[in-house]
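Each residue takes its place number in the sequence, starting with 1. Just follow the structure's listing: the first ligand is 1, and inside any ligand the first atom is 1.
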Amino acid sequence: MKEFLNKLIVSIQKCDSVIIMSHRYMDLDGFGAALGLYQIVKKYNESVSIIINKEEQDSAISKAMEKIDTPISFLTALDAEKRVTANTLLIILDVHKKEMLECPFLVDQTEHLVVIDHHIKGEHILDNVSYSYIKDNVSSTVEIIVDLLKLEEERIGSIISTIMLAGMYIDTNNFNIKTTANTYLAGAYLMQNGANNVVKQELFQEDKKNIIRRQKLLKNSHMVNKNMIVCVLDKNIYTGTDLAKIAEELLQFEEVEASFAIGYVEENTVGVSARSLGKINVEKIMKCLGGGGHKTDAAARMPNHSLNKCKDILLEILR
Ligand SMILES: [Mn+2]
């Protein structure tokens, strides 16, 4: 890791500017990691920005952004496209597949590409990466960034520490999945830097109506093969985040090793969100539906399909 950090610092100093980018539908792990890394980059290069997408923003990230009390340069995809040159260092966080990036086209516009990720390496890895740090035994990208911050002996503010801690909570399902001694040490470091659990909870708070609506939908779920659960939503249109949250909640049910939430995300387009505790590879299953993702966390979108038809196809694959 020390070697990686030294290399990264050289790249940061050598390049004209640095752009940090995560995956589409960025989550708090990607966002927290970006904010933490920003603190390191800023020390060596003043020209650093983080790409955000306000149109598809997670409500927790919108709340987090309102709380940030230090100047951070955020860019839209459009701004980034104007800003990027062949001598821009593009650092990609929490993802290593081109098709999942917030702005996949940026990758072809620079010669300096670094990836930091904690997902199991799949096919379609970005091909023009200069070098990378991909460790799939680490809980979250935030955990990797905390280790870099420790090496740099860099202190971070209370709000950013809180957002980073929230990212760790998301990716570990409250320190239950992929959690090691080092995960707790990273959490401890964030607490030492002023992370606040009350503020963290505020980031996760949601509209009461939303939560109740989701809880009601959980009733429409049934077990498949004794270790998987499928929840079929009603005919209303839901967001990808709704589906993901339902799939996550289903993992709390006894005997469930993998969960699937299926519902309309647009008229005539059905979305499926899948989660696994680790044994069942849901990426493989989502690939059969034309989707993708990671072993424990994947999704698919099926245009021109009815909900019933999609449910039947999914059940066929599961059985
Ligand atoms: Mn992550």
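- The side-chain tip of K200 does not point at the ring of F204 from less than 6.0 angstrom away and within 45° of straight on.
- A donor and an acceptor atom, one from each side chain of T180 and T183, are located under 3.5 Å apart.
- Side-chain contact of N176 with N174: a donor-acceptor pair under 3.5 Å is absent, judged by distance alone.
- Judged purely by distance below 3.5 Å, without hydrogens or angles, the side chains of S139 and T179 never pair a donor atom with an acceptor atom.
- Side-chain contact between Y25 and T241 is absent, with no heavy atoms from C-beta onward closer than 4.5 Å.
- Residue-and-atom listing of protein N/O/S atoms under 2.8 Å from the Mn ion (ligand 1), sorted by chain and number: D29 OD2, D94 OD1, H118 NE2, D171 OD2.
- One finds the CG atom of L8 at 4.5 Å from the OH atom of Y131 (value rounded to the nearest 0.5 Å).
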